Peer 1: 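Below is a structure I'd like to ask you about.
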Amino acid sequence: MAEGELPAAIALQVAQTRELVLPGLGTAGCRWSDAVDGEAGIVELDWRRGFPAGDERRPAGASAPERLLITAVAPGRVVLHLVQQRPWEHGRPLSEHALEVEVLPPAAGPP
């Protein structure tokens, strides 16, 4: 998978977390948002916006990436619908992506 390319599907075990880095366009007023299709409680989502601490300096006006932390909570399967648009606009989003997330039971420990 090329840098910046988002996967179509991921598999996690309960308690694992995966970070997706999405291209930001905050300087144009656009933000990523999510909708979860599937049973509640399978995953927890945490959005982080801005450049990570210690990241190299960027020119003024550069849009920061948006990071989505997906934490597996319970076994199951959901589809995340991610859209990038201005919050006040209601039409076709600038970008969109569907991500299938399968959460597997935690790995069995030694007997």
Side-chain angles (χ1 to χ4, degrees):
M1 178 170 36
E3 183 177 331
E5 188 176 317
L6 299 172
I10 60 172
L12 300 170
Q13 289 182 318
V14 169
Q16 282 187 319
T17 298
R18 170 83 181 263
E19 180 181 77
L20 295 181
V21 179
L22 299 126
L25 282 175
T27 57
C30 296
R31 291 182 71 161
W32 285 94
S33 61
D34 61 78
V36 180
D37 199 7
E39 189 176 330
I42 304 292
V43 296
E44 288 181 357
L45 305 177
D46 182 22
W47 285 97
R48 308 266 170 102
R49 293 175 167 89
F51 293 108
D55 197 23
E56 65 185 60
R57 297 185 68 105
R58 308 287 181 174
S63 289
E66 297 186 50
R67 298 179 322 276
L68 175 60
L69 296 173
I70 304 166
T71 301
V73 176
R77 185 182 307 258
V78 296
V79 176
L80 303 181
H81 298 280
L82 308 174
V83 296
Q84 184 184 41
Q85 67 185 83
R86 293 176 181 94
W88 61 88
E89 292 181 339
H90 303 286
R92 184 180 172 101
L94 180 64
S95 298
E96 54 190 320
H97 184 73
L99 174 67
E100 185 176 321
V101 181
E102 180 180 9
V103 177
L104 305 168

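Note that the numbering runs from 1 along the sequence shown for the chain. All values derive from a computational prediction rather than experimental measurement.
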Peer 1: If I compare all heavy atoms of Val21 with all of Pro65, which pair ends up nearest, and what's the gap?
Peer 2: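 Smallest heavy-atom distance, with atoms named: CG1-CB, 3.8 Å.
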Peer 1: Side chain of Trp32, backbone of Arg67: donor and acceptor closer than 3.5 Å?
Peer 2: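 No.
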Peer 1: Got a second to check how far Glu66's CD is from Leu20's CG, nearest 0.5 Å?
Peer 2: 12.0 Å
Peer 1: Under 6.0 Å from the CD atom of Glu39, do we count more than 12 heavy atoms belonging to anything else shown?
Peer 2: no
Peer 1: Shared ILVMFWY cluster between Leu22 and Val83, side chains joined below 4.5 angstrom?
Peer 2: no
Peer 1: Can you find a heavy atom in the side chain of His81 that is under 4.5 Å from one in the side chain of Val79?
Peer 2: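 Touching, per the 4.5 Å side-chain cut-off.
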Peer 1: Report yes if the side chains of Leu45 and Leu68 come closer than 4.5 Å at any heavy-atom pair, otherwise no.
Peer 2: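 Yes. Closest side-chain heavy atoms under 4.5 Å.
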Peer 1: With a 4.5 Å cut-off on side-chain heavy-atom distances among I, L, V, M, F, W and Y, is there a chain of contacts connecting Leu12 to Leu99?
Peer 2: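 Cluster IDs for Leu12 and Leu99 match.
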Peer 1: Pro93 and side-chain contact (heavy atoms from CB on, under 4.5 Å): which single residue from His97, Glu96, His90, Glu89 fits?
Peer 2: Glu96
Peer 1: Which value, rounded to the nearest 0.5 Å, describes the distance between Ile70 atom CD1 and Glu19 atom CD?
Peer 2: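 Ile70 CD1 to Glu19 CD: 10.0 Å, rounded to 0.5 Å.
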Peer 1: Taking side chain as C-beta onward, heavy atoms only, is Val36 less than 4.5 Å from Leu80?
Peer 2: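 Yes, side chains in contact.
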Peer 1: Measure the spacing between CG of Leu94 and CD of Gln85 and express it to the nearest 0.5 Å.
Peer 2: 9.0 Å
Peer 1: Quick check: do Ile42 and Val101 have side-chain heavy atoms less than 4.5 Å from each other?
Peer 2: no
Peer 1: Under a 3.5 Å threshold, yes or no: a donor from one side chain and an acceptor from the other, between Gln84 and Ser95?
Peer 2: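 A donor-acceptor contact under 3.5 Å links the two side chains.
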Peer 1: Please name the pair of heavy atoms, one in Glu44 and one in Val73, separated by the smallest distance, quoted to 0.1 Å.
Peer 2: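 Where Glu44 meets Val73 most closely, the heavy atoms are CG-CG2, 3.5 Å.
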Peer 1: For residues Ala74 and Gly41, report the shortest heavy-atom separation together with the two atoms involved.
Peer 2: CB-O, 3.6 Å
